[in-house]
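What follows is a short report on a single structure.
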Amino acid sequence: MWHPIHQAWNALSAIPNIGIWLAIFWVGYVIALGIYIILQKREPAATLSWLFSLALLPYLGFAIYYLFGPQKISRQRLRRPRSHQVYPDAADTNGNAQDALLHVLAKAVTGFRAVTARDVRMLVDGSATYAALIDDIRKARSHIHLEYYIYQSDRSGTALRDALLERARAGVKVRLLMDAVGSSRTPTHFFHDLVEAGGEISWFHPIRFRRVWKFWKRPPLNLRTHRKIVVIDSRIGYTGGINITDEENDALRTDAYRDLHLRLTGDVVLELQQVFVEDWIYATGQHDFISEIARDLPPLEPGPICAQVLSSGPDSNWEAIHRLHVSAIHAARQRAWLVTPYFVPGEAALMALSSAALSGLDVRLMVPKMSDSRWVTLAARSYYDRLLDAGVKIYEYGPRMLHTKALLKDDDVAIIGSANFDNRSFRLNFEVSVLFEDAGVAAELARQIEGEFAHAPRVRAPRPQAFLTERLPEALARLFSPLL
């Protein structure tokens, strides 16, 4: 087995000055890739992390960067100009003067204006979410659009599929878009009967490794749709943090994720529909279904709740959801409460949180005591000391894996959606959240977060830490946090 390798090594060793030539080639490799990475104009910390990794892992580092390194995709042509030919423009909603700039900023970086919702219902955990969702699906008359990062072919996934199948057989148009990596364990034949009944399924960024050898067609392994969207008859919308999997079904598992989802009605559902339509066109190339949807659009019905859809992804340089989170924290006057399963902040977000706390605001951060990624948990804890010194109150939720993604500003603004507070969600994933300016929604979110404090012991300073088992691993995880 090793004979050909020994022969190759002996042949290389016979080349005069082979060590010098390998060193020269390695230096040239580092310089060439370094220039390429620097020209991407990413944050200095992320750029230096990639350069450091490439230098320490010759040639293997190139393969890692090629498959997982930062990259952008071009799909701007699918955004606002085309969609507004189909969907009627709802009037801009005038909120409080204090938060007017948030709405202006959100519209500038996403194209979505502040509209209204007639009803906002917060759904806690998977069982309540799945029950409400399936009940609404059974009443669908025109179409059902779904987009998920994770859709598993387990009991939860089967129950939803069967509900979709029944509606498809009744003539309702079903379109299901799943992320090819997040839902990779679900076989296509699981949806055979649904497709036979007229339903359509598609995969977001399927990985075709035959393209790996074409440098200009890098496989988008790292660019995923992390969105969770359901739109029923353009009248009812669902979004938030809950995927379709038994891991999030508390009726089936005592260790199911603790999570938060939204059920929406009103004009904001049309904006959520627009996000799905853009993703479906991008994934499938289909356009003809738009006229079908347009014929069934409900009339605009302004509601009492100001709501604005926030979408972000690697098809934009604006990092919309990241920017809105940081801006909302800066705009806070009494409090800023953040709940996230993955906390790996950039310098701007870290500065916003610490500055708000230093200014005397009630700043709280709730994260899981142990997330499903040990590496991310260590990276998150590496930021604790700086935040604690500034006066930020940190809580670690313990009973289950906390998966809620929410920000509460003062008593009037709430942001809830699919985006974690980390580099992956802010820069690499396609995400969607909803910004609410409404005292009732904010109060409901505050009650939800307050209820979690009983299960989330507060982290106190100074933190007792052993060097080899805690301090050093946290420091190492933080070193590579820009790559997470």
ring-ring contact (aromatic ring centres under 6.0 Å, His included): which pairs involve residues 152-196, sequence neighbours left out? Tyr151-Phe191
Verify side chain to side chain contact (heavy atoms under 4.5 Å, CB included) between Met122 and Leu262, making sure each step is shown before the conclusion. CA-CA 5 Å; Met122 293 187 191; Leu262 297 171; 4.0 Å; yes
Please report the closest heavy-atom contact between Thr340 and Pro368, naming both atoms and the distance. O-CD, 3.5 Å
For the pair Thr239 (side chain) and Lys228 (backbone), establish whether a donor and an acceptor sit closer than 3.5 Å, ignoring hydrogens and angles. yes
Shortest non-hydrogen pair, Thr284 vs Trp280, comes out as OG1-O, 2.6 Å
Do Gln308 and Glu271 have a side chain donor and acceptor closer than 3.5 Å? no
Between Asp246 and Asn249, is there a donor-acceptor pair closer than 3.5 Å when you use the side chain of the first and the backbone of the second? no
Do any N or O atoms from the side chain of Asn429 and from the backbone of Glu431 form a donor-acceptor pair under 3.5 angstrom? no
Is there a side-chain contact between Met401 and Met370, using heavy atoms and a 4.5 Å cut-off? no
Set of residues satisfying side chain to side chain donor-acceptor pair (under 3.5 Å) with respect to Arg167, sequence neighbours excluded: none
Give a yes or no answer on whether the side chain of Thr377 reaches the backbone of Ser373 with a donor-acceptor pair at less than 3.5 Å. yes
Nearest heavy-atom neighbours spanning His322 and Ala349: NE2-CB, 4.1 Å
Quick check: do Glu200 and Lys173 have side-chain heavy atoms less than 4.5 Å from each other? yes
Where Asn420 and Phe426 come nearest, the two heavy atoms and their spacing: O-CE2, 3.5 Å
Quick one: does any side-chain atom of Ser382 pair with a main-chain N or O of Ala379 as donor and acceptor, under 3.5 Å? yes
Quick one: closest heavy-atom pair of Ala114 and His103, and the distance? CB-ND1, 3.7 Å
Within 45° cone of Tyr383 ring axis and under 6.0 Å: Arg478 NZ or CZ: yes
Only counting residues at least two apart or in another chain, list the ones meeting side chain to side chain contact (heavy atoms under 4.5 Å, CB included) with Asp250. Asp125, Ser127, Ala256, Arg400
Pair Asp372, Tyr342 - check side chain to side chain donor-acceptor pair (under 3.5 Å), show working. CA-CA 9 Å; Asp372 53 1; Tyr342 309 112; 2.6 Å; yes
Can you find a heavy atom in the side chain of Leu408 that is under 4.5 Å from one in the side chain of Val413? no
Under the side chain to side chain donor-acceptor pair (under 3.5 Å) rule, what do Asn222 and Arg424 come out as? Steps first, then yes or no, please. CA-CA 9 Å; Asn222 226 17; Arg424 179 167 298 279; 2.9 Å; yes
Within-4.5 Å side-chain heavy-atom neighbours: Val339 and Leu445: no
Donor-acceptor check, side chain of Ser234 to backbone of Val231, threshold 3.5 angstrom: yes or no? no
Using modelled atom types and a 3.5 Å cut-off, is there a donor and acceptor pairing between side-chain atoms of Asp233 and backbone atoms of Arg235? no
When rounded to the nearest 0.5 angstrom, what is the spacing between CD in Gln274 and CD1 in Ile293? 11.0 Å
Quick one: does Pro341's side chain get under 4.5 Å of Lys405's, heavy atoms only? yes
Apply the test side chain to side chain contact (heavy atoms under 4.5 Å, CB included) to residues Thr116 and Cys306: give CA-CA distance (whole Å), side-chain angles for both, the deciding distance (0.1 Å), then the verdict. CA-CA 5 Å; Thr116 62; Cys306 178; 5.6 Å; no
Is it the case that the ring center of Tyr282 lies less than 6.0 angstrom away from the ring center of His205? yes
Can you name the residues that form a side chain to side chain donor-acceptor pair (under 3.5 Å) with Glu196, not counting sequence neighbours? none
Does the salt bridge (charged side-chain N to carboxylate O under 4.0 Å, His left out) test come out yes or no for Arg253 and Asp255, once each step is laid out? CA-CA 5 Å; Arg253 295 181 54 157; Asp255 63 344; 3.0 Å; yes
Could you walk me through whether Val120 and Phe436 satisfy the side chain to side chain contact (heavy atoms under 4.5 Å, CB included) test, starting with their C-alpha distance in whole Å, then the side-chain angles of each, then the deciding distance to 0.1 Å, before giving a yes or no? CA-CA 10 Å; Val120 176; Phe436 299 99; 3.6 Å; yes
Give a yes or no answer on whether the side chain of Thr158 reaches the backbone of Arg155 with a donor-acceptor pair at less than 3.5 Å. no
Within this structure, what is the CD1-CG distance for the pair Ile242 and Leu260, rounded to the nearest 0.5 Å? 7.0 Å
Nearest-0.5 Å distance that lies between atom CG in Leu338 and atom CD1 in Ile415: 10.0 Å
Does the separation of the ring centres of Phe421 and His325 fall below 6.0 angstrom? yes
Report yes if some heavy atom in the side chain of Phe289 is under 4.5 Å from a heavy atom in the side chain of Val277; otherwise report no. yes
Under the criterion side chain to side chain contact (heavy atoms under 4.5 Å, CB included), I'd like the reasoning laid out for Ile416 against Val434: C-alpha separation, chi angles, the key distance, then a yes or no. CA-CA 6 Å; Ile416 303 170; Val434 184; 5.9 Å; no
Answer yes when Arg175 and Glu292 have at least one side-chain N-carboxylate O distance shorter than 4.0 Å, and no when they do not. yes
What's the shortest heavy-atom distance between Val326 and Ala348, and which atoms? CG1-O, 4.1 Å
May I have the list of side-chain donor-acceptor pairs in residues 133-141 shorter than 3.5 Å, sequence neighbours left out?
{"unit_1": "Asp135", "atom_1": "OD2", "unit_2": "Lys139", "atom_2": "NZ", "d": "3.2"}
{"unit_1": "Asp136", "atom_1": "OD1", "unit_2": "Arg263", "atom_2": "NH2", "d": "3.3"}
{"unit_1": "Asp136", "atom_1": "OD2", "unit_2": "Tyr238", "atom_2": "OH", "d": "2.5"}
{"unit_1": "Asp136", "atom_1": "OD2", "unit_2": "Arg263", "atom_2": "NE", "d": "2.8"}
{"unit_1": "Asp136", "atom_1": "OD2", "unit_2": "Arg263", "atom_2": "NH2", "d": "3.4"}
{"unit_1": "Arg141", "atom_1": "NH1", "unit_2": "Lys139", "atom_2": "O", "d": "3.1"}

Arg323: partners by salt bridge (charged side-chain N to carboxylate O under 4.0 Å, His left out), with sequence neighbours left out: none
Determine whether Glu452 and Arg258 make a side-chain contact, defined as any pair of heavy atoms from C-beta on separated by less than 4.5 Å. yes
With a 3.5 Å cut-off and no angle check, do the side chains of Ser311 and Thr110 form a donor-acceptor pair? no
So OG of Ser425 and CG of Asp422: to nearest 0.5 Å the spacing works out to 4.5 Å
pair Tyr148-Ile150: side-chain heavy atoms closer than 4.5 Å: no
Begin from the C-alpha positions of Thr225 and Glu147 and carry the test side chain to side chain donor-acceptor pair (under 3.5 Å) through to its verdict. CA-CA 8 Å; Thr225 178; Glu147 179 175 348; 2.6 Å; yes
Decide whether Gln273 and His143 meet the rule of one side-chain donor and one side-chain acceptor closer than 3.5 Å. yes
Ser156 OG to Asn243 CG distance, which is reported to the nearest 0.5 Å: 11.0 Å
Quick check for you: to the nearest 0.5 Å, what is the distance between Gln152 atom CD and Leu160 atom CG? 13.0 Å
